[in-house]
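Computed over heavy atoms, backbone and side chain alike; hydrogens, waters and symmetry mates excluded.
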Amino acid sequence: SFQRDLIMTVYLIYKDDAWHTKGSGKLLRVADNLQKCYATAEANGASEEQLKDLRNIGQSQCSGKSYEFNIETWEVT
């Protein structure tokens, strides 16, 4: 029988330093949808402005806090 490769999209949310320095990120969650990433950011101290940035551009920036958030999208087979 023919079996089709399944591709699953997963989202990784990181809490980075204020400058998104490479290697500064702490992986907070691997999720199967973006809503779970937003909820995780909120539970980890994200402001309304940071959440708005996450929804619009996938990362928060210039929030004035000592940390920012970043979401990576991966396709896994």
Side-chain angles (χ1 to χ4, degrees):
S1 69
F2 176 76
Q3 187 172 356
R4 191 178 292 176
D5 287 337
L6 296 176
I7 296 176
M8 180 178 168
T9 303
V10 293
Y11 304 94
L12 284 63
I13 182 160
Y14 294 88
K15 189 174 190 176
D16 296 340
D17 69 14
W19 304 275
H20 294 289
T21 307
K22 190 167 178 63
S24 74
K26 176 186 171 202
L27 178 62
L28 298 177
R29 183 175 195 172
V30 178
D32 59 358
N33 68 56
L34 287 169
Q35 296 309 117
K36 290 177 183 173
C37 289
Y38 305 146
T40 299
E42 192 168 18
N44 281 272
S47 66
E48 283 303 314
E49 192 64 32
Q50 285 176 314
L51 289 169
K52 184 177 157 198
D53 280 351
L54 277 176
R55 289 187 181 98
N56 290 333
I57 60 173
Q59 71 174 30
S60 62
Q61 51 191 17
C62 303
S63 70
K65 293 189 176 223
S66 63
Y67 54 86
E68 298 292 351
F69 297 91
N70 180 46
I71 297 173
E72 291 181 355
T73 303
W74 290 82
E75 287 191 344
V76 184
T77 54

Between Glu49 and Ser60, a side-chain donor and acceptor under 3.5 Å: no

Full working for side chain to side chain contact (heavy atoms under 4.5 Å, CB included) between Lys26 and Tyr14: CA-CA 5 Å; Lys26 176 186 171 202; Tyr14 294 88; over 6 Å; no

Full working for side chain to side chain contact (heavy atoms under 4.5 Å, CB included) between Arg29 and Cys37: CA-CA 7 Å; Arg29 183 175 195 172; Cys37 289; 5.9 Å; no

Gap between atom CG of Leu28 and atom CG of Asn70 - 0.5 Å precision: 10.5 Å

Donor-acceptor side-chain pairing of Glu68 and Gln50 below 3.5 angstrom: yes

Cluster check Val30, Trp74: I/L/V/M/F/W/Y, side chain < 4.5 angstrom: yes

Check: Thr73 side chain, Tyr11 main-chain N or O, donor-acceptor pair, under 3.5 Å: no

Stacked cation flag Lys15 on Tyr67, 6.0 angstrom / 45 deg: yes

Joint cluster assignment, Phe69 & Leu34, ILVMFWY side-chain distance < 4.5 Å: yes

Worked verdict on Asn44 versus Ile13 for side chain to side chain contact (heavy atoms under 4.5 Å, CB included): CA-CA 11 Å; Asn44 281 272; Ile13 182 160; over 6 Å; no

Within 6.0 Å of NZ in Lys65, more than 12 heavy atoms from elsewhere: yes

Lys22 side, atom NZ; Asp16 side, atom CG - distance, nearest 0.5 Å: 10.5 Å

Nearest-0.5 Å distance, CH2 of residue Trp19 to SG of residue Cys62: 11.5 Å

Minimum-distance pair of heavy atoms, taken over all atoms of Thr9 and Glu75: OG1-CG, 4.0 Å

Ser24 side chain vs His20 backbone, donor-acceptor pair below 3.5 Å: no

Heavy-atom check, side chain of Gln61 versus side chain of Asp53, under 4.5 Å: yes

Atom pair CG/CD1 of Leu12 and Ile71 - distance to nearest 0.5 Å: 10.0 Å

